[in-house]
Amino acid sequence: MATDLQFLLLGPVSARRAGTPISLGPPQRRALLALLLLARSQAVPVAVIRDRLWPAGAPATAIDAIQVHVHHLRRRLGEHTPAGAPATELAGYPGYSREQASYALHIDAEAVDALVFQRRADRGRELEDKGDYKGALEMCITAQSRWRGEPLADLEPTPYVRAIRQGLVDLCQDVRTRAARVRMRTGAVSDAVVDLQQLNLEHPGNDVIVVLLSTALFLTGSRRRALALLDEELARWEQQYARVPEQLRRQRELVLSGALEEQW
C-alpha cells in the first residue's frame, strides 16, 4: 500500500508527510515510535516497552507514561493524514493486566527507511547468490541511498537502542562490502578499489575487506600493493595474536603465484 508518510530511523528519528515534517515530541516518545516501527506491525507487550524504555528500572508511573505517549502519537499521525489517504493505525490490544496489554503500529514497511534498507540488503544478498551481479549492485546502491547516518542518532543509548544501532551499522558495512564485490564481478574493479580502500580505513583488521581489496589491487595490475597490504596484515596478526589466519595466508599465495586471476 503506497503512502506519502515516511518514517526515518537511519539518522535522527523523524517522520514526514509529503515532505512536511511531523513533530513527534520528546526523545522517549520517539524511542517508542522507533520500537513499534521496528516491530513490523507486530504487537509489542507493554511490559516489553517498559523494560526497553526504562532498562535501569521503570518508575511506578511508567505504564501511564506509555499510554500518554501512545495518545500523542495517535493524534500527531492522525493530524497529518489527509482525507482519502491510507490511515496509519496505532492499535491497542487489551490483556489480563495492564502489563499484558500491547500496541502495534500498522504501517506499510516501505514507509520505514530502516525496513526498506534491510529488505534491499537481503535482496542484494539473494541476487548475488544467484549470480545476478547487476541486480545485486542495484539493490546495494538503493539500500545505501537510504543511509543518513548513525541510526536512532538522537535517542538515549539504552541496551535496546545500542543493539538496533549496531545491527544496522553492521548491515551497512555488509552492504558496502557486497557492492564492492559485485562491482568487481561486473568489471568495475577500479571503482571497487576506491570503495574498499575507504572501508579498510574505517574498519581496519577486517579480513574479508583485506582479501577483497588485495584481490581488486591485483586485478588492476597492482600486485606489489596487494602483497604489501597482505604482508602488513599478516605481520599485525603475528604480532598481536601470535598466529595468522589461513584465509590471509592463502590469499598471499594466490597473489604471489598469479593464480588469483583464474578465480575472477
Side-chain angles (χ1 to χ4, degrees), residues 10-11 113-114 116-151 165-264:
L10 301 177
D113 64 348
V116 173
F117 176 76
Q118 291 172 328
R119 290 171 66 173
R120 300 297 186 274
D122 290 344
R123 183 58 178 158
R125 184 184 304 110
E126 293 171 1
L127 291 172
E128 183 188 18
D129 290 343
K130 293 178 180 178
D132 183 356
Y133 302 124
K134 183 178 179 180
L137 180 58
E138 183 179 342
M139 285 297 104
C140 290
I141 292 172
T142 302
Q144 288 178 263
S145 70
R146 296 285 180 153
W147 194 264
R148 296 182 300 123
E150 183 180 63
R165 185 178 290 158
Q166 189 60 55
L168 289 167
V169 167
D170 290 345
L171 183 58
C172 183
Q173 178 185 330
D174 182 69
V175 167
R176 293 171 65 194
T177 303
R178 175 169 293 102
R181 185 166 55 242
V182 296
R183 278 194 171 96
M184 292 167 64
R185 291 294 187 186
T186 59
V189 185
S190 296
D191 291 340
V193 168
V194 174
D195 294 342
L196 288 165
Q197 286 176 327
Q198 184 61 38
L199 278 166
N200 193 44
L201 287 173
E202 296 174 14
H203 307 281
N206 184 301
D207 293 350
V208 172
I209 295 172
V210 170
V211 167
L212 278 176
L213 177 54
S214 62
T215 300
L217 289 170
F218 174 84
L219 293 175
T220 55
S222 300
R223 178 185 296 190
R224 183 175 298 178
R225 290 173 61 195
L227 287 171
L229 172 67
L230 290 165
D231 286 342
E232 180 182 349
E233 192 62 19
L234 287 165
R236 184 186 68 81
W237 270 90
E238 184 67 39
Q239 180 179 9
Q240 294 184 4
Y241 308 108
R243 67 181 186 87
V244 295
E246 177 62 23
Q247 181 184 24
L248 292 180
R249 187 192 65 77
R250 176 60 179 160
Q251 177 74 358
R252 189 183 188 283
E253 291 177 357
L254 291 171
V255 171
L256 196 60
S257 68
L260 187 62
E261 191 168 4
E262 299 173 5
Q263 301 182 7
W264 288 82

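- From Tyr133, atom OH reaches atom CE of Met184 across 11.5 Å, with rounding to the nearest 0.5 Å.
- Interatomic distance, CG of Leu168 versus CD of Gln118, reported as 5.5 Å (0.5 Å rounding).
- Distance alone, capped at 3.5 Å, is enough to place a donor-acceptor pair between the Gln251 side chain and the Val211 backbone.
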Show your working on salt bridge (charged side-chain N to carboxylate O under 4.0 Å, His left out) between Asp122 and Arg125 and close with a plain yes or no.
CA-CA 5 Å; Asp122 290 344; Arg125 184 184 304 110; 3.0 Å; yes
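- Expressed to the nearest 0.5 Å, how far OG of Ser145 lies from CZ of Arg120 amounts to 8.5 Å.
- Rounded to the nearest 0.5 angstrom, Leu213 CG and Thr177 OG1 are separated by 11.0 Å.
- To the nearest 0.5 Å, the span separating CG on Leu212 from CG on Leu217 amounts to 11.0 Å.
- Put simply, the side chain of Phe117 reaches to within 4.5 Å of the side chain of Val175, judged on heavy atoms.
- Sequence neighbours left out, the pairs with a member in residues 210-238 that pass ring pair (Phe, Tyr, Trp, His ring centres under 6.0 Å) are Trp237-Tyr241.
- With values rounded to the nearest 0.5 angstrom, Arg146 atom CZ is found 9.0 Å from Leu10 atom CG.
- When the side chain to side chain donor-acceptor pair (under 3.5 Å) test is applied to Arg123, the partners found at least two apart in sequence or on another chain are Glu126.
- Between Thr186 and Lys134, the shortest heavy-atom contact is CG2-N, 4.2 Å.
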Evaluate salt bridge (charged side-chain N to carboxylate O under 4.0 Å, His left out) for Arg178 paired with Asp174, printing each intermediate quantity in order.
CA-CA 6 Å; Arg178 175 169 293 102; Asp174 182 69; 2.8 Å; yes
Show me the donor-acceptor pairs, under 3.5 Å and distance only, between side chains in residues 195-205 and residues at least two apart or in other chains.
from	atom 1	to	atom 2	distance (Å)
Asp195	OD2	Arg183	NH1	2.9
Gln198	NE2	Glu202	OE2	2.9
Glu202	OE1	Arg176	NH1	2.6
Glu202	OE1	Arg176	NH2	3.4
Glu202	OE2	Arg176	NH2	3.3
His203	ND1	Gln173	OE1	3.2

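- Between Glu233 and Asp207 the shortest side-chain heavy-atom distance falls below 4.5 Å.
- Partners of Arg249 according to the salt bridge (Lys or Arg N to Asp or Glu O under 4.0 Å) rule, which considers only residues two or more places apart in sequence or in another chain, are Glu246, Glu253.
- A donor-acceptor pair under 3.5 Å is formed between the side chain of Arg165 and the backbone N or O of Pro151.
- Take Gln240 and apply the side chain to side chain donor-acceptor pair (under 3.5 Å) test, not counting sequence neighbours, and it matches Arg236.
- Closest non-hydrogen pair, Ala179 versus Gln144, comes out as CB-OE1, 3.8 Å.
- Taking both residues in full, the closest heavy atoms of Val182 and Ala136 are given as CG1-CB, 4.0 Å, listed atom of the first, atom of the second, then distance.
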Enumerate, atom names and distances included, each donor-acceptor pair closer than 3.5 Å involving a side-chain atom of residues 223-230, sequence neighbours excluded.
none

